[in-house]
Structures are given as C-alpha cells and as structure tokens.
J.: 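Here it is, the structure in full.
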Amino acid sequence: MDAATQAQAAEALTGKLKALGIDQLPAEPNTYPALNPYDLYRSHVAELLSKSTGIDSKIIYPALQRTVKTEHGDLQMAAAALRQKRKDMKEFAQEIGNGFPESPLVEKVVVMDALLMFWFKPQPLTSLVVPAVLKSGASYGFNNFQGLRDPSDPSKGRKKMIVEFSSPNIAKPFHAGHLRSTIIGGFLANLYDAAGWDVTRMNYLGDWGKQYGVLAIGFDLFGSEEELVKNPIGHLYDVYVKISKISAEEGDKMKELKAKIEELKKEEKDTSEVEKQLQEVADNGVDEAARKYFKRMTEGEPVALGIWRRFRDLSIEKYKKTYARLNIRYDDYSGESQVKDESMDNAAKIMEEKKVSENSEGAIIVDLTKYSKKLGKAVVRKKDGTSLYLTRDIAAVSERYEKYKFDKMIYVVASQQDLHLAQLFKILDAMGHKELAAACSHINFGMVLGMSTRKGTAKFLDDILETVAEKMHEVMRTNQAKYEQVDDPVKTADVLGISAVMVQDMKGKRINNYTFDMDRMTSFEGDTGPYLQYAHARLCSITRKVTAAVPEIANIDLATAADLTLITETQGTDLVRQLAAWPDIFINTLKTQEPTTVLTYLFKLTHALSSSYDHLQILGSERETMLARLALYTAARQTLNNGMRILGLSPVERM
C-alpha cells in the first residue's frame with residue numbers, strides 16, 4: 001500500500017470511527033492504524049489510560065501486548081510494565097481497571113491479580129476489519145513503510161537489502177542444507193519485499209577452484225554432450241564422481257610409493273626407480289592436470305574459461321527451472337568466480353596495514369582471540385600463497401557494497417558456518433569497516449536428518465521434489481471422486497508436494513534439527529502443507545458454490561454491500577479476531593525472522609475456520625446473512641492466501 005492509498009484508508013477509517021463516537025484517529029508515533037487493527041486498538045487504549053492515569057501514553061503503548069490465547073483478552077498489560085513506584089501491583093492494577101472509561105471499541109477491562117485484560121467489542125471489530133481486508137486484497141497485512149529510509153517522507157526512497165541464499169556448488173549434490181537455505185532465504189526475501197525494502201536475491205554459487213580443473217579433465221574422459229544439455233547438474237556430478245575415483249586411486253598409489261621409498265631408505269637401498277614412478281604418477285595424475293587446468297582458468301585462457309563458463313551457464317539454467325517450482329527467483333547469480341583478485345589483494349593489504357593480519361610460519365592469519373576466545377585464529381592465506389574462502393568473502397562484501405550500496409545483507413547459511421561468519425564480521429570490523437560489519441547478519445539453521453528417497457540418499461533437489469510429488473499423487477488417488485474433479489492432478493500433486501516439504505521445514509524454529517518424514521509431511525491430517533492447501537481450496541470452493549447458486553453475487557462489492565452486524569456467532573467473531581491479528585503477526589515476523597511465526601498463525605487461522613463451518617453455513621441462509629458470511633470467508637481466504645505467499649507457497653484453488 002503506497003502513501004496515497006494509506007492516506008485514503010486512514011480517511012475512511014476516521015469516518016467509521018466518527019460514526020462510533022471517536023472524533024480523531026488514535027495513532028501513537030510510528031504506528032499505522034489504517035494498516036494494522038492492533039495499532040489502532042493499542043493507540044486507543046493507551047490514549048484512554050493516559051487520560052485516566054496521567055501516565056505518558058509512550059510508556060503505556062509498548063506495555064499493551066497482543067495475547068496468544070483470546071481467553072486472556074485481545075490485549076493484556078502487566079501493571080508493573082508501567083514503571084510506576086507502587087508497592088502493591090495488584091492494588092495498582094485494580095485502580096487502573098476501575099478508572100478505565102467507557103469505550104466504543106473495548107469492553108470493560110478485566111483485572112486478574114496484577115494483570116489487566118482488554119477484549120475488543122465484536123461488532124465494531126468486525127465492521128472495521130472485514131472491509132479492510134477486502135479493500136486491501138493481496139496487500140492486507142503488509143506494511144511497506146517499514147522499508148522506507150524515512151517513513152514520513154517516501155521520496156527519500158527505500159532501504160536496500162541483499163539476501164544471499166541457497167548457494168549450491170556446481171557439480172556437487174544439492175544437499176539438505178542447501179534446501180533449507182533456499183526455503184528460508186526465499187521466505188526472508190518475500191518478507192522484506194512486503195515490508196517495502198528494495199531486496200536483491202543473490203545466489204552465491206560454489207563455481208571456482210581446482211575442482212573445476214578436475215571436472216574439465218573428467219569431462220574429456222567421461223562427458224557426453226547430449227547428457228550435459230539434457231541434465232547438466234546430474235551429468236556433471238556423475239563425471240565428477242568418476243574422475244574423483246581415479247584421483248583417489250592415484251592418491252592411494254602415491255601414498256603406497258612414498259611408504260615404499262621410506263622402507264628402502266631404512267634398508268639403505270636404491271630408491272631412484274620408485275621415486276621415478278612416484279614422480280610419473282604425480283606429473284601425469286588428475287591432481288596435477290587439474291591444477292594446471294585451473295591455472296589456465298585463473299590466467300584467463302579462453303578455451304579453459306569457455307568450457308568452465310558453459311558448465312556454469314547450463315547449470316544455472318537448470319537451477320532456474322528447479323527454483324521456479326519453489327517460487328524462487330534470483331536477481332544475481334553471483335559466485336566465488338566473480339570476486340576479483342584485486343579486491344582480495346586490496347583486502348589483504350588493508351589487513352596488513354592495519355595490523356589485523358600477521359605472518360605465522362609463512363601463512364597469513366588473523367588472531368581474533370584478543371576480541372573473543374571463541375573466535376580463535378583465522379587463516380586468510382595459506383603458505384603456498386593461495387587465498388582461502390575467508391579472504392574471498394571479505395573481498396565479496398566490499399564488492400557488493402560498491403555495486404548495491406546495501407543497508408543490510410543477510411547470509412542464510414547453516415549453523416555449521418557460525419564460526420566462519422562470526423570471524424568474517426569481526427575481521428571487517430577490525431579492518432575499520434564497522435558500519436559494513438554491523439549491516440551484515442547471519443540467519444542460521446539446523447540440520448535435516450534422514451533425508452532419503454526410495455532410490456537411496458537424495459542427491460539433488462529435483463529428486464526430492466519428484467519423490468514427494470509421487471507420494472502426494474498416491475495420497476490424492478485414495479479419494480477417487482475428488483481426484484476426478486482436479487483439472488491437472490500431476491501439477492497439483494507437484495504443488496502439494498512442494499508445500500509438504502516447505503511446511504515441514506518451517507514448522508519448528510530455524511535452529512532446530514528435524515527429521516525428513518515423508519508420510520507425516522504428505523498427510524492431510526494435522527498441521528501439514530497439504531492441510532494448509534486444503535483449507536485454502538475449501539474457501540475457494542465455498543465462493544464457487546455460492547456464485548453458481550446465486551450468479552449475481554459475483555458482481556457485488558462485499559466490502560460495502562455486506563451487513564456485517566449479522567455476524568453475531570462466537571465462531572464468526574473468533575475468526576474476525578484472527579484476521580485482525582495478521583498485520584501484527586507480519587510486523588512481529590520482521591523481528592523474529594522465523595517462518596514458523598507466520599506458519600503458527602496460519603494454522604490458528606485454519607483451526608478457527610474449521611470450527612466455524614458448521615455454525616456459519618452460507619447456502620440456504622437468508623440473502624443478507626449469506627452476503628455477510630461470504631464477506632467473512634472471502635476475507636479469510638485473502639488473509640490465508642497472503643500468509644501462504646509470504647512463505648513461498650502457491651495457494652491452490654482445487655484439489
């Protein structure tokens with residue numbers, strides 16, 4: 001919602017509040033009552049309490065917390081949170097409760113011990129929330145003022161963010177860690193997009209190093225042009241496995257010959273023949289050929305670079321298709337190969353000049369123990385002069401800042417890399433790039449356990465998705481009547497399978513490990529991806545059935561035509577309370593950066609929906625009641641849809 005639309009929404013809201021007896025729109029600083037019902041209610045309660053207690057509303061507002069369970073109120077406040085010097089907090093809470101004035105929006109406050117509980121009056125809440133959802137549509141709940149440099153002046157532009165995620169190695173398996181990074185990174189990019197940030201989605205590929213020499217040598221021996229074009233990632237991996245086996249055998253042979261040389265020396269026998277054999281294996285082996293090949297690449301030799309670039313480009317094209325299935329896109333396919341030598345040299349020079357780095361037995365290290373023992377000592381350049389990942393990463397940060405001038409950069413990488421990234425950020429700080437270090441953050445996550453398919457351990461993302469889609473197709477076939485109504489069951493099974501994988505990944509906190517459980521994730525029972533999709537499809541089905549029975553309803557503007565005073569049932573108002581919470585959940589998710597914050601909310605919403613169907617039937621009810629209930633269910637479908645899209649799911653309309 002842009003500033004002009006927000007102003008119109010605020011004006012419409014002010015009009016509605018005036019009709020309820022509130023002359024001015026309650027709005028504490030940095031709140032958006034036209035976008036978030038909880039901002040409106042907190043501002044209103046803070047205003048009333050400030051008048052009745054004399055306490056500054058700036059102290060009261062943050063003390064008003066949204067509750068987890070509605071039986072404890074919609075908002076609650078601990079008397080102690082008001083920071084007043086009172087001995088008896090229970091007595092103080094009772095005083096506040098007794099002095100709370102009559103409100104058109106909020107019921108009489110309930111005091112329990114030193115806690116004050118506030119319930120929103122159902123009727124005004126319904127009349128404010130349901131039309132707001134219907135009018136905002138696909139943007140309901142999102143607040144793009146969060147990403148503005150200055151929310152009071154949108155002309156100053158948006159803050160810039162880079163989200164680096166997925167980042168697989170070309171010609172190596174796309175393992176579970178990459179899958180988690182892809183899912184979580186996609187979610188974070190969507191989240192910040194909806195918050196108004198200018199987001200760059202970056203995939204930092206493992207696309208450089210001696211292993212590409214190994215791959216090129218392998219391709220000469222085992223490569224197939226046809227297979228490369230058909231399945232570049234799988235074929236290059238097969239080639240890499242075959243050539244690596246030869247390389248490992250050569251390594252074993254060299255160890256054997258070295259041991260033989262040592263034996264001969266002990267026996268004071270001639271070693272020249274064995275040394276000659278050893279040199280021959282070393283000179284003609286895969287390892288040396290790969291080293292020479294990679295040297296040609298680093299020197300910019302066109303043929304070597306051309307082959308490497310082809311491998312890279314074909315792999316990226318294949319990745320793009322797979323990512324598209326997950327609703328993932330990238331703005332920048334970066335990679336280790338893109339980091340310039342001069343940037344790495346410059347980083348090394350600054351570290352040396354600022355005495356950040358030091359020489360240790362020929363290697364260049366950074367001793368970070370002076371900042372924290374946990375950080376240890378980091379090697380930035382080996383004895384042979386080759387730069388390590390850390391040097392490349394330091395250089396990459398500078399290059400990205402030059403290109404994007406980012407305000408924040410998030411690395412979505414497994415918790416195994418906690419130390420590496422902590423070292424990176426501390427080295428940047430020590431180099432004098434304090435602001436740059438502060439702008440970088442690591443979003444980590446735990447491991448996926450037991451991730452295998454029927455064909456064995458999963459190597460590639462496509463294998464995982466295909467297997468889950470097949471399993472989902474089997475589950476769908478168990479209900480033949482419904483199965484026959486689905487237009488494209490194979491496509492739907494694919495979407496449901498992907499939803500199953502993503503929802504299982506997002507259910508717990510990011511840092512927790514979880515077990516990849518095919519049967520559990522593909523079930524329609526319990527809080528799963530298929531269940532979430534079923535809830536959305538059911539709401540779509542309700543709309544289809546109503547418009548089929550009463551065709552003219554399709555042309556009615558429910559936001560203005562529905563008489564929402566007819567929603568009086570507890571199940572209806574419980575559902576409205578869930579809808580009202582979504583914009584606040586969205587803001588909270590920006591703080592937690594956890595997909596489970598959204599997912600937990602969506603399951604609560606679907607549970608409220610399930611409880612309402614028997615009590616709020618549409619077909620067969622009076623026309624006005626039918627319109628009111630349809631408006632409520634349409635608002636629920638829109639909110640569910642918005643939440644699912646933030647997670648990266650594709651909501652299905654039939655299944």
Side-chain angles (χ1 to χ4, degrees), residues 1-51 57 61 64 66 74-75 100-107 118-145 151-154 555-568 572-573 575-584 586-587 624-625 627-636 638-639 642:
M1 192 182 281
D2 59 25
T5 315
Q6 145 85 354
Q8 285 170 3
E11 197 178 312
L13 179 58
T14 304
K16 284 190 173 184
L17 291 172
K18 275 185 179 166
L20 292 167
I22 298 171
D23 290 334
Q24 270 192 316
L25 180 63
E28 284 296 302
N30 303 314
T31 67
Y32 300 89
L35 299 180
N36 183 350
Y38 270 82
D39 277 1
L40 168 66
Y41 278 83
R42 271 190 293 251
S43 293
H44 173 63
V45 172
E47 201 177 89
L48 293 181
L49 284 174
S50 183
K51 282 176 186 168
S57 63
Y61 187 90
L64 290 163
R66 180 171 42 79
D74 293 298
L75 288 171
F100 188 73
E102 185 67 33
S103 157
L105 297 181
V106 182
E107 306 278 12
F118 304 86
W119 273 269
F120 305 158
K121 289 182 174 174
Q123 207 50 70
L125 183 69
T126 304
S127 70
L128 293 171
V129 171
V130 174
V133 181
L134 296 173
K135 282 176 181 168
S136 300
S139 67
Y140 177 66
F142 308 146
N143 183 334
N144 52 21
F145 288 85
S152 65
D153 182 4
N555 303 316
I556 291 173
D557 178 8
L558 294 170
T560 53
D563 178 3
L564 297 168
T565 61
L566 297 172
I567 295 172
T568 54
T573 54
L575 188 49
V576 172
R577 288 178 200 283
Q578 291 299 333
L579 302 183
W582 168 234
D584 218 51
F586 175 78
I587 294 296
E624 291 306 310
T625 304
L627 283 177
R629 290 175 178 175
L630 182 61
L632 176 60
Y633 282 139
T634 305
Q638 185 66 68
T639 305
N642 293 0

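Quick note: residue numbers are just sequence positions, from 1. All figures in this text were calculated on a predicted structure; none of them were measured in a lab.
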J.: Return yes if some donor-acceptor pair links the side-chain N/O of S136 with the main-chain N/O of A132 below 3.5 Å, else return no.
T.: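 Yes, the answer is positive, given that a donor and an acceptor are paired below the 3.5 Å cut-off.
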
J.: Would you check if T560 and P131 make a side-chain contact, meaning some heavy-atom pair closer than 4.5 Å?
T.: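 Sidechains of P131 and T560: no contact.
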
J.: Strictly under 6.0 Å, is that where the ring centroids of F118 and F100 end up?
T.: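 Yes, they do, as the ring centres are separated by less than 6.0 Å.
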
J.: Quick one: side-chain contact (heavy atoms from CB on, under 4.5 Å) partners of Q578, sequence neighbours excluded?
T.: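 side-chain contact (heavy atoms from CB on, under 4.5 Å) check on Q578 returns Y601, K604, L605, A608.
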
J.: Roughly how far, to the nearest 0.5 Å, is the NZ atom of K121 from the CG atom of D74?
T.: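 Going from CG on D74 over to NZ on K121, the span is 13.0 Å.
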
J.: What are the two closest non-hydrogen atoms of D563 and T565, and how far apart are they?
T.: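 Scanning both residues, the minimum pair turns out to be OD1-OG1, 2.5 Å.
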
J.: From L134 CG over to D557 CG, what is the distance, rounded to the nearest 0.5 angstrom?
T.: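 These two atoms lie 8.0 Å from each other.
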
J.: Mind checking side-chain contact (heavy atoms from CB on, under 4.5 Å) for P583 and listing every partner two or more places apart, or none if nothing turns up?
T.: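 Per chain and number, P583 pairs via side-chain contact (heavy atoms from CB on, under 4.5 Å) with N36, P37, Y140.
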
J.: Could I get the full list of ring-ring contact (aromatic ring centres under 6.0 Å, His included) partners for Y61, not counting sequence neighbours?
T.: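 If we apply the ring-ring contact (aromatic ring centres under 6.0 Å, His included) test to Y61, skipping adjacent residues, there are no hits.
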
J.: Indicate the atoms forming the closest heavy-atom contact of S43 with E28, along with that distance.
T.: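 Where S43 meets E28 most closely, the heavy atoms are OG-N, 3.1 Å.
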
J.: Would you say that V129 contacts F120 through its side chain, given a criterion of any heavy-atom pair below 4.5 Å between the two side chains?
T.: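 Answer no - side chains too far apart.
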
J.: Where do R66 and A581 come nearest, in terms of heavy atoms and distance?
T.: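 Nearest heavy atoms, R66 then A581: CD-CB, 4.2 Å.
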
J.: Rounded to the nearest 0.5 Å, how far does CZ of R577 lie from CG of L125?
T.: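 Nearest 0.5 Å value for the CG-CZ distance: 6.0 Å.
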
J.: Looking at side-chain heavy atoms only, is the closest gap between L35 and F145 below 4.5 Å?
T.: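 Of all side-chain heavy-atom pairs linking F145 with L35, at least one is under 4.5 Å.
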
J.: Flag the pair S57 / R42 as yes when at least one side-chain heavy-atom distance between them is below 4.5 Å, and no otherwise.
T.: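 S57 vs R42: side chains apart.
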
J.: Evaluate the criterion side chain to side chain contact (heavy atoms under 4.5 Å, CB included) for residue pair L48 and V106; output intermediate values, then yes/no.
T.: CA-CA 11 Å; L48 293 181; V106 182; 5.9 Å; no

J.: Enter the distance from T573:OG1 to I567:CD1 here, rounded to the nearest 0.5 Å.
T.: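 With rounding to 0.5 Å, OG1 (T573) is 9.5 Å from CD1 (I567).
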
J.: Supply the atom-to-atom distance N143 CG to D39 CG, rounded to the nearest 0.5 angstrom.
T.: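 It is 8.0 Å, given to the nearest 0.5 Å.
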
J.: Would you give the length of the straight line joining atom CG of L49 to atom CG of L64, rounded to the nearest 0.5 angstrom?
T.: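 Between atom CG of L49 and atom CG of L64 there are 6.5 Å.
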
J.: Can you name the residues that form a side-chain contact (heavy atoms from CB on, under 4.5 Å) with D153, not counting sequence neighbours?
T.: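 D153: side-chain contact (heavy atoms from CB on, under 4.5 Å) contacts with D150, S155, K156.
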
J.: I'd like to check L579 versus L632 (side-chain heavy atoms, cut-off strictly below 4.5 Å). Are they in contact?
T.: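 Yes, at least one pair of side-chain atoms sits under 4.5 Å.
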
J.: Taking distance alone, no hydrogens or angles, what donor-acceptor pairs closer than 3.5 Å link side-chain atoms of residues 10-20 to residues at least two apart or in another chain?
T.:
unit_1, atom_1, unit_2, atom_2, d
T14, OG1, A10, O, 2.7
K16, NZ, S127, O, 3.1

J.: For S103, give me all partners under side-chain hydrogen bond (donor to acceptor under 3.5 Å, both in side chains), at least two apart in sequence or on another chain.
T.: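 Result, side-chain hydrogen bond (donor to acceptor under 3.5 Å, both in side chains) vs S103: H44.
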
J.: A side-chain contact here means heavy atoms from C-beta on lying under 4.5 Å apart; do N30 and P151 qualify?
T.: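 A side-chain contact is absent here, since even the closest heavy-atom pair is not under 4.5 Å.
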
J.: Just by distance, do the side chain of Q123 and the backbone of L564 share a donor-acceptor pair under 3.5 Å?
T.: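 Looks like yes, one N/O pair under 3.5 Å.
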
J.: If you define the side chain from C-beta out and look only at heavy atoms, does anything of W582 sit under 4.5 Å from N642?
T.: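 They are in contact (side-chain heavy atoms under 4.5 Å apart), so the answer is yes.
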
